[in-house]
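Structure, as structure tokens:
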Amino acid sequence: MDLTKVLSVVKSKKTGFFAAGVLFGTAGIKALSSKDAKKLYTNCTAAVLRAKECVMDTVATVQENAEDIYAEAQQINEERAAEAEEWEAYAETDEAEETEEVSEDTFKEVAE
């Protein structure tokens, strides 16, 4: 096979592909800039904006719920800490009373 024939076929194919690309590109630009395309873009953009608004509402609701949960969790921990302090104070008082009773019993035993 002759090399010049192969090159001319490849060259003509490349030229044909280039011409087809230019043709489709020009037709594509015309189609994308038409009134129908503009209407489609406008409707798609409006749908995206509605979806964004819906997502933002959901995010705000989740954020409010998270704040409520955090506040309630802090309240629970504060209540538990107060209960623990009460138990510690009760235990110290009880321990002091037991020590006092033991001291009195020991004093009585020593006195007898």
Side-chain angles (χ1 to χ4, degrees):
M1 191 169 201
D2 191 14
L3 186 59
T4 55
K5 286 184 180 180
V6 172
L7 290 175
S8 67
V9 170
V10 169
K11 193 173 191 179
S12 65
K13 282 187 178 181
K14 285 185 179 180
T15 305
F17 285 137
F18 177 76
V22 170
L23 178 65
F24 285 123
T26 304
I29 290 172
K30 288 279 188 180
L32 293 175
S33 61
S34 70
K35 288 182 182 180
D36 290 334
K38 183 179 178 183
K39 186 176 179 181
L40 175 69
Y41 304 148
T42 304
N43 287 330
C44 288
T45 303
V48 167
L49 291 174
R50 286 191 304 272
K52 176 188 170 195
E53 185 176 329
C54 180
V55 167
M56 293 307 291
D57 289 344
T58 303
V59 167
T61 302
V62 169
Q63 190 174 17
E64 289 170 4
N65 288 340
E67 289 171 357
D68 292 343
I69 290 168
Y70 182 72
E72 288 177 21
Q74 283 183 322
Q75 182 65 32
I76 289 170
N77 286 337
E78 288 171 4
E79 289 172 2
R80 284 189 176 187
E83 286 178 12
E85 288 177 8
E86 288 176 13
W87 277 106
E88 287 176 12
Y90 175 75
E92 288 174 4
T93 304
D94 193 37
E95 187 177 298
E97 288 175 0
E98 286 179 10
T99 304
E100 187 178 305
E101 287 176 12
V102 170
S103 296
E104 287 177 9
D105 290 341
T106 306
F107 181 72
K108 286 180 184 177
E109 288 177 8
V110 171
E112 293 177 352

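From a predicted model like this one, the values you see are computed outputs, not experimental measurements.
- Take R80 and apply the side chain to side chain contact (heavy atoms under 4.5 Å, CB included) test, not counting sequence neighbours, and it matches I76.
- Note: Q74 CD to I69 CD1 = 13.0 Å, rounded to the nearest 0.5 Å.
- With side-chain heavy atoms closer than 4.5 Å counting as contact, directly or through intermediates, L40 stands alone and belongs to no larger hydrophobic cluster.
- Atom CG of N43 and atom NZ of K38 lie 12.0 Å apart (nearest 0.5 Å).
- Heavy atoms from other residues, nucleotides or ligands lying under 6.0 Å from CD of E79 number more than 12.
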